[in-house]
Amino acid sequence: MAATELAGLAVTYKDIAAAAKRLESVAYKTPVLTSSQADHQADASVFFKCENFQRVGAFKFRGAYNAISCLSEEQKQQGVVAFSSGNHAQGMALAARMLGVHATIVMPSNAPAMKLAATREYGAEIILYDREREDREVIAAQLSVERGCAVIPAYDHADMIAGQGTAAKELFDEVGPLDYLFVCTGGGGLLSGCAIAAAQLSPGCIVIGVEPEAGNDAQQSLRTGNIVHIPVPDTIADGAQTQHIGKLVLPILQAYVKDIVTVSDDQLRTQMRFFAERMKIVVEPAGCLAAAAVLHRVLPFAGEKVGVIVSGGNVDMELFARSIAAAKPFA
């Protein structure tokens with residue numbers, strides 16, 4: 001992509017660096033874990049950036065705190081509204097409470113119980129909707145008009161993207177340049193921010209997004225050059241049940257992302273079990289997307305240095321137990 005086109009992107013590395021300063025004493029610097037078993041399975045040197053240890057149990061806190069911090073004082077007084085199946089909801093709720101801002105979150109009625117409960121406990125007002133019959137974006141827009149509050153979407157927002165990119169910045173700061181970076185992908189905000197960070201801090205790094213097989217809208221969008229809309233995906237990865245990527249996201253993906261690949265729900269279950277048994281960590285299905293692609297070797301990267309963003313660990317324990325019980329071992 002030409003320099004003039006890059007200049008037109010909604011987010012630059014300077015935005016990510018500025019977000020990192022805002023988050024420096026607020027967000028957790030999450031650990032980068034390694035595993036000899038993972039290296040053997042992937043036939044590569046794998047570094048897992050574990051955002052399941054972030055505040056609210058997911059990377060979403062980074063973008064939420066950065067976005068609310070960037071609002072004017074008048075906007076903060078009016079409050080914010082967001083829509084989310086869970087992790088963005090929790091990130092917004094906690095960030096808003098920390099910054100003294102009222103948060104209203106539009107959440108699907110069938111969102112995981114633990115995510116609903118946590119969002120309430122962080123102090124947000126929840127508006128439930130039927131994801132099969134109602135449009136959460138329309139509901140949020142109506143609330144914005146009625147209450148005068150700012151809408152902060154989970155991924156199609158420059159300050160959200162910049163905040164999410166700090167996860168990859170920390171990874172590169174700790175482990176140095178990488179040959180590949182695999183990133184969990186729903187709406188594309190995390191992938192966008194991480195790809196920008198990679199371009200600045202590890203220019204030779206190949207960035208790959210990973211989606212559920214049942215919901216490959218980002219893959220279709222990147223490969224066709226147009227935003228593709230799909231029905232609500234039928235996948236255990238509830239954090240990646242998005243129906244389309246954002247308008248700000250697509251140009252960034254086109255500029256910095258090599259490709260987007262997919263993994264099956266069975267592969268996610270296997271990865272959840274691997275994390276629990278071999279690395280002693282709990283990771284939600286959507287948080288396993290990038291790791292599942294690496295450990296199932298969806299691309300040839302033998303002998304390379306590979307980074308993996310583990311995006312979150314907020315999983316209902318009943319689903320976790322069922323997934324572990326049904327998981328197949330690695331071939």
Hey, does Y129 have a side-chain heavy atom less than 4.5 Å from the side chain of D135? no
List, by chain and number, the other hydrophobic cluster members for I230, where Ile, Leu, Val, Met, Phe, Trp and Tyr join if side-chain heavy atoms come within less than 4.5 Å, directly or indirectly. V228
For A18, all residues meeting side chain to side chain contact (heavy atoms under 4.5 Å, CB included), sequence neighbours excluded: R22
Ignoring hydrogens, what is the shortest heavy-atom contact between E284 and G313? Give both atom names and the distance. OE2-N, 3.3 Å
Tell me every residue that passes side-chain hydrogen bond (donor to acceptor under 3.5 Å, both in side chains) with E211, counting only those two or more places apart in sequence or in another chain. none
Quick check, are the ring centers of H296 and F330 under 6.0 angstrom apart? yes
Nearest heavy-atom neighbours spanning A237 and P285: CA-CB, 3.7 Å
Test applied, side-chain contact (heavy atoms from CB on, under 4.5 Å); reference residue, F275; option that passes from L295, V283, I324: V283
Could you tell me which residues satisfy side-chain hydrogen bond (donor to acceptor under 3.5 Å, both in side chains) with D179, sequence neighbours excluded, listed by chain and number? none
Would a hydrophobic clustering, with Ile, Leu, Val, Met, Phe, Trp and Tyr connected at side-chain separations under 4.5 Å, put Y155 with I152? no
Minimum-distance pair of heavy atoms, taken over all atoms of P233 and A214: CB-O, 3.6 Å
Any salt bridge between K247 and D156, counting N to O under 4.0 Å? no
State, to 0.1 Å, how close C50 and T30 come at their nearest heavy-atom pair, and which atoms those are. O-CB, 3.2 Å
Answer with yes or no whether the hydrophobic clustering places V80 together with I139; edges join I, L, V, M, F, W, Y residues whose side-chain heavy atoms lie under 4.5 Å apart. no
Between N314 (side chain) and V56 (backbone), is there a donor-acceptor pair under 3.5 Å? yes
Can K21 and E24 be said to form a salt bridge (charged side-chain N to carboxylate O under 4.0 Å, His left out), step by step? CA-CA 5 Å; K21 288 188 178 297; E24 192 170 8; 5.4 Å; no
Tell me, please, whether Y180 has K305 positioned over its six-membered ring: NZ or CZ under 6.0 Å from the ring centre and within 45 degrees of its axis? no
Side-chain donor-acceptor pairs of residues 185-197 under 3.5 Å, sequence neighbours excluded:
{"residue": "T185", "atom": "OG1", "partner": "V183", "partner atom": "O", "Å": "3.1"}
{"residue": "T185", "atom": "OG1", "partner": "V210", "partner atom": "N", "Å": "3.3"}
{"residue": "S192", "atom": "OG", "partner": "G188", "partner atom": "O", "Å": "2.7"}

Could you go through H229 and Q243, starting from their C-alpha distance and side-chain angles, then the distance that decides it, and tell me whether this counts as side-chain contact (heavy atoms from CB on, under 4.5 Å)? CA-CA 6 Å; H229 293 247; Q243 295 177 260; 5.7 Å; no
Step by step, would you call F47 with F172 a side-chain contact (heavy atoms from CB on, under 4.5 Å)? CA-CA 10 Å; F47 300 84; F172 289 113; over 6 Å; no
CD1 (I68) and CG (L99) are apart, to the nearest 0.5 Å, by 6.0 Å
If Ile, Leu, Val, Met, Phe, Trp and Tyr residues are connected whenever their side-chain heavy atoms lie under 4.5 Å apart, and connections chain through other members, are L268 and M279 in the same group? yes
Hey, mind stepping through D316 and K115 against salt bridge (charged side-chain N to carboxylate O under 4.0 Å, His left out) and telling me if it holds? CA-CA 8 Å; D316 180 87; K115 294 183 178 182; over 6 Å; no
Heavy atoms, side chains only, cut-off 4.5 Å: are I236 and R269 in contact? yes
Are side-chain heavy atoms of L23 and Y65 found at a separation under 4.5 Å? yes
Do V81 and V101 land in one hydrophobic cluster if side-chain heavy atoms of ILVMFWY residues count as linked below 4.5 Å? no
What distance do Q164 atom CD and N66 atom CG have between them, rounded to the nearest 0.5 Å? 8.5 Å
Keeping to residues at least two apart or across chains, list the salt bridge (charged side-chain N to carboxylate O under 4.0 Å, His left out) pairs with something in residues 45-56. K49-E170, E51-R62
Under a plain distance cut-off of 3.5 Å, with no hydrogens placed, do D265 and T235 share a side-chain donor-acceptor pair? yes
Using the rule given for side-chain contact (heavy atoms from CB on, under 4.5 Å), can you reason through V151 versus F83, listing the C-alpha separation, both sets of side-chain angles and the distance that settles it, and then say yes or no? CA-CA 9 Å; V151 178; F83 42 89; 4.1 Å; yes
Heavy atoms only: give me the nearest N52-G312 pair and the separation to one decimal. CB-C, 3.6 Å
E74 side chain to S72 side chain, donor-acceptor N/O pair below 3.5 angstrom: no
Regarding R147 and T104, is there a side-chain donor-to-acceptor distance under 3.5 Å anywhere? yes
Run the numbers on K258 and V207 for side-chain contact (heavy atoms from CB on, under 4.5 Å), then give the verdict. CA-CA 6 Å; K258 177 69 172 179; V207 179; 5.9 Å; no
Compare every heavy atom of P108 with every heavy atom of S84, then report the nearest pair and how far apart it is. O-CD, 3.2 Å
Point-to-point distance, once rounded to the nearest 0.5 Å, from OH of Y256 to CG of L9: 5.5 Å
Proximity of F53 and Y28 rings by center, below 6.0 Å: no
Is any side-chain heavy atom of I309 closer than 4.5 Å to a side-chain heavy atom of F182? no
State, without any angle test, whether D259 and Q219 hold a side-chain donor-acceptor pair at a distance under 3.5 Å. no
Hydrophobic clusters here meaning ILVMFWY residues chained together by side-chain heavy-atom distances under 4.5 Å, can you tell me if I126 and L94 are in one? yes
Under a 3.5 Å distance rule, please check whether S109 uses its side chain to pair with a backbone N or O of L128 as donor and acceptor. no
